[in-house]
Amino acid sequence: MSRLPSPRDYQLAVQNPQRAFASDPTLRDGQARTNALRLPVAASGGFAVTFDITSASGRWAVRCFHKNDNQNRRLPDRYRAIGQFIDIHPELDFMVPVRYQDDGITVNGNPFPTVRMRWAEGVPLGTWLQRWAAEPNPDRINEVCDAIREAEQQLKSHGAAHGDLQHGNILVRPDHKIWLIDYDGMYLPELAELGAIEQGHRNYQHPDRGRHYDAELDKFSAYGIRMSLAALARRPELWETYGKTGENILFQATDFIEPDSAPIFGELLRLGELTKHVERFRNACRAGYSQTATALTGTTTARSTRPRTAATGLVVQARAGTTELLRQLEGETVTVFGTVAGTKVPFEGVALINLGRYQDAEFAIVGFGEVAKDLYDEYGRNSRPDRLLSLEGRKVAVTGTIWLYESKYSDELTPQIELDHAAFLHILDEDQYADLRDKANHREAATAHTEDIAGEPESPPPTTATRQPTPTPTPTPTPTPTPTPTPTPTSPSPLAHWSNAELHANLSHRYKPRATTQQPTSAPKPTPTPTPTPTPTPTPTPTSNTTSTDNRPPQVPPQYRQEELRPRPPNTGAIDDTAVIGGRQRPWGHPESAPLPPSYPPPPTFGPVATPKPAPAQPPSRRAGRAGGAVVLVLVAVLYAIAAIAAATHGVFILVPPFAIPGAIALWFAKVIHAQRH
């Protein structure tokens, strides 16, 4: 399959449904639902991103695939069988009929597959639980628990399994019934020979599931979900302690690896009536995958002897050196943490939280609609309605899908996560922050993840370049920078040398990337001349490649001169609305959202530097001479006025020399002439 579009590519395409869905008459006249910024609203998960399209024929959920794992997944065959299965079983009222179309959407002139289904009205289980926890009601959560049990049993009775039961694929209806969505990993008997194409969400699957693909796929996950809901019905406060991450209900993948030491199992064992079910679930964790159903019935099973490793999500610290990595992870679910550098509420319905410099398109968190309102109610102040002042400077974490947005302040795209609920923004204490920082191994774990992406044909080219120390396109310029050791730290690609990511994050957004260091054209020529003497051709090659490699310092772009060359106001953490909005100019004097970048090294000196002569003392100006004469005239006029007043009131005559006025005028002219001569 050719390179699949990115989530942003799809988001741009669906803004013009007539062109994007030209081959689908059902969607051709539709419109995508948009957010406060008039961008199409999308939900991402698994292999695809889903858009909400309303057309004359109704409201539709359109799934567009953005991830290709280099295997023949045979999606047409799978969805053809799944669509037929749902059509012939109308009693499965929790399933939504689906249609697969090989050329469902056109992006940049190329057709790509889509899966279309009727829009299922409901709230994802994770978001529903967050709202439920604010006003706990055991009856409502028990109704949801019963609906999940019934759905799992009905699928099992037909020899089928959903394959990825989790908080994001279960929608809770207003009547507390459920919908199941996302059928990529669904099992049917007629699909058994095709094998599994996914392993389900790590926080819901048995640790030994691996590539198993059978009708028992949902047994472990459904049991864990139901037990979690039953525990919340009895102790709602468990949600605050173990849930509320946006990635689980109560259990995490590590709890399944070591169930004997996991704190959540200890909490649930104290719930009395649930003790029996908790013990069964813990035994199922210890047993192998094939023994899961037996262990959940209460039968003793042998402990699995297979080596296990906990599947954990990618954790990235938001800082200058990881911005490019976050861009590479577009469409992936990532936990990002850092310190809030600044906030902005540009207008009602939008709240922006930046964990870095917005001028450099560093990571941001955004909330729309009710989420933005809840964020302001929690962290805003009436004195500054355009900011979330209580949040600035605090350490936070968020888990979600990385999206890229365009900003007028940088040529780069801003990576950011959209909050589904204000409570999914977690305030960290020092211990929690340190724990996440330990998990965020940027040089090994994060790089290994990008290498997995780089193995795909649609992976971005910079990732591949990062792993190749000897670039193949231009081997000739290599001897040119060899005499000067300074060019190595400033490579053109932000990921070319991961150890220099901090430097690139501070410089690459202000100046265009360049291949050589800043050296003048005339003076440094003697230094490289001896090296290229045997081969005169490599010397002009780097100079002709780009205008920025002519050994002169790059010209500062005009838009940065006022911003970077003037004294900066004190850093108070304020920020502009540039994370996703490219429309409004930051007023002069608006405080920066991040501290100053590291000081740059002084420019190299070329030859002797002339000592500047001291400036001569400035003589009095003409204006100063005129001013002095004017003072004398005023004093004389005051003297005459005093004499006149004394004569009129007391009859006293004060003698004023008759030559006072001419003398003063002459003195004034003398000072003016003296000032002009000098």
Exercise. So Gln153 and Lys156, side-chain contact (heavy atoms from CB on, under 4.5 Å) or not? Walk me through it.
Worked result: CA-CA 5 Å; Gln153 290 176 352; Lys156 177 67 181 304; 5.5 Å; no
I'd like to check [X] versus [Y] (side-chain heavy atoms, cut-off strictly below 4.5 Å). Are they in contact?
X: Gln15; Y: Leu12; result: yes
X: Gln154; Y: Phe94; result: yes
X: Lys244; Y: His426; result: yes
X: Leu125; Y: Leu171; result: no
X: Glu406; Y: Thr414; result: no
X: Thr401; Y: Glu332; result: no
X: Leu375; Y: Leu419; result: yes
X: Leu165; Y: Ile225; result: yes

Which distance, rounded to the nearest 0.5 Å, do you find between the [atom1] of [X] and the [atom2] of [Y]?
X: Phe112; Y: Gln101; atom1: CZ; atom2: CD; result: 14.5 Å
X: Ile365; Y: Ile417; atom1: CD1; atom2: CD1; result: 7.0 Å
X: Leu4; Y: Asp9; atom1: CG; atom2: CG; result: 10.5 Å
X: Thr323; Y: Leu326; atom1: OG1; atom2: CG; result: 6.5 Å
X: Tyr187; Y: Leu217; atom1: OH; atom2: CG; result: 8.5 Å
X: Leu180; Y: Asn169; atom1: CG; atom2: CG; result: 8.0 Å

Problem set entry | Pair Tyr100-Asp102, side chain to side chain donor-acceptor pair (under 3.5 Å): steps then yes or no | CA-CA 7 Å; Tyr100 177 91; Asp102 209 27; 3.2 Å; yes
Exercise. Which is it for Arg202 and Glu247 under the salt bridge (Lys or Arg N to Asp or Glu O under 4.0 Å) test, yes or no, and what are the steps along the way?
Worked result: CA-CA 9 Å; Arg202 64 185 181 278; Glu247 278 294 280; 3.5 Å; yes
Any side-chain donor-acceptor pair under 3.5 Å between [X] and [Y]?
X: Trp239; Y: Gln130; result: yes
X: Tyr376; Y: Asp374; result: no
X: Glu91; Y: His158; result: yes
X: Asp184; Y: Tyr79; result: yes

Exercise. Is Lys177 salt-bridged to Glu143, going by a charged N under 4.0 Å from an acidic O?
Worked result: no
Problem set entry | NZ/NE/NH1/NH2 to OD/OE distance under 4.0 Å, Glu348 and Lys373 | no
Can you check whether [Y]'s main-chain N or O pairs, donor with acceptor, with [X]'s side chain at less than 3.5 Å?
X: Tyr213; Y: Met186; value: yes
X: Asn248; Y: Asn203; value: no
X: Glu362; Y: Arg357; value: yes
X: Tyr183; Y: Val98; value: no
X: Arg33; Y: Asp52; value: no
X: Thr127; Y: Val123; value: no
X: Ser407; Y: Tyr409; value: yes

Exercise. Is the NZ or CZ atom of Arg173 both under 6.0 Å from the centre of the six-membered ring of Trp179 and within 45° of that ring's axis?
Worked result: yes
For this session: Examine Arg73 relative to Phe47 and say whether NZ or CZ is less than 6.0 Å from the centre of the six-membered ring and inside a 45° cone about the ring axis.
Result: yes
Exercise. With under 30° as parallel and over 60° as perpendicular, where do the rings of His176 and Trp128 fit, or are they tilted in between?
Worked result: perpendicular
Exercise. Can we call the ring centroids of His201 and His167 under 6.0 Å apart?
Worked result: yes
Which atoms form the tightest heavy-atom contact between [X] and [Y], and what is the distance?
X: Ala233; Y: Pro138; value: O-CG, 3.9 Å
X: Ala161; Y: Ala215; value: CB-O, 3.8 Å
X: Ile181; Y: His162; value: O-NE2, 2.8 Å
X: Asp29; Y: Ala56; value: OD2-CB, 3.1 Å
X: Tyr405; Y: Leu39; value: CE2-CD1, 3.2 Å
X: Arg327; Y: Asp360; value: NH2-O, 3.7 Å

For this session: Applying salt bridge (charged side-chain N to carboxylate O under 4.0 Å, His left out), name anything that partners Asp87, two or more places apart in sequence or on another chain.
Result: Arg99
For this session: With Ile105 as reference, evaluate Val14, Leu27, Asn110, Asp24 under the side chain to side chain contact (heavy atoms under 4.5 Å, CB included) test and give the passing residue.
Result: Val14
Problem set entry | Worked check of side-chain contact (heavy atoms from CB on, under 4.5 Å) between Ile353 and Leu388 | CA-CA 8 Å; Ile353 304 166; Leu388 305 175; 4.1 Å; yes
Exercise. Looking at Tyr204, Phe251, Phe256, which one forms a ring pair (Phe, Tyr, Trp, His ring centres under 6.0 Å) with Phe220?
Worked result: Phe256
Problem set entry | Partner set under side-chain hydrogen bond (donor to acceptor under 3.5 Å, both in side chains) for Ser57, not counting sequence neighbours | Ser55, Trp60
For this session: Mark yes when over 12 heavy atoms from residues, nucleotides or ligands other than Arg59 sit less than 6.0 Å from its CZ; otherwise mark no.
Result: yes
Problem set entry | Contact list for residues 128-138, test salt bridge (Lys or Arg N to Asp or Glu O under 4.0 Å), sequence neighbours left out | none
Problem set entry | Steps toward side-chain contact (heavy atoms from CB on, under 4.5 Å) verdict (Phe363, Val398) | CA-CA 11 Å; Phe363 178 78; Val398 63; 4.2 Å; yes
For this session: Please lay out, stage by stage, how Arg226 and Cys145 fare under the test side-chain contact (heavy atoms from CB on, under 4.5 Å).
Result: CA-CA 5 Å; Arg226 297 201 313 270; Cys145 186; 3.7 Å; yes
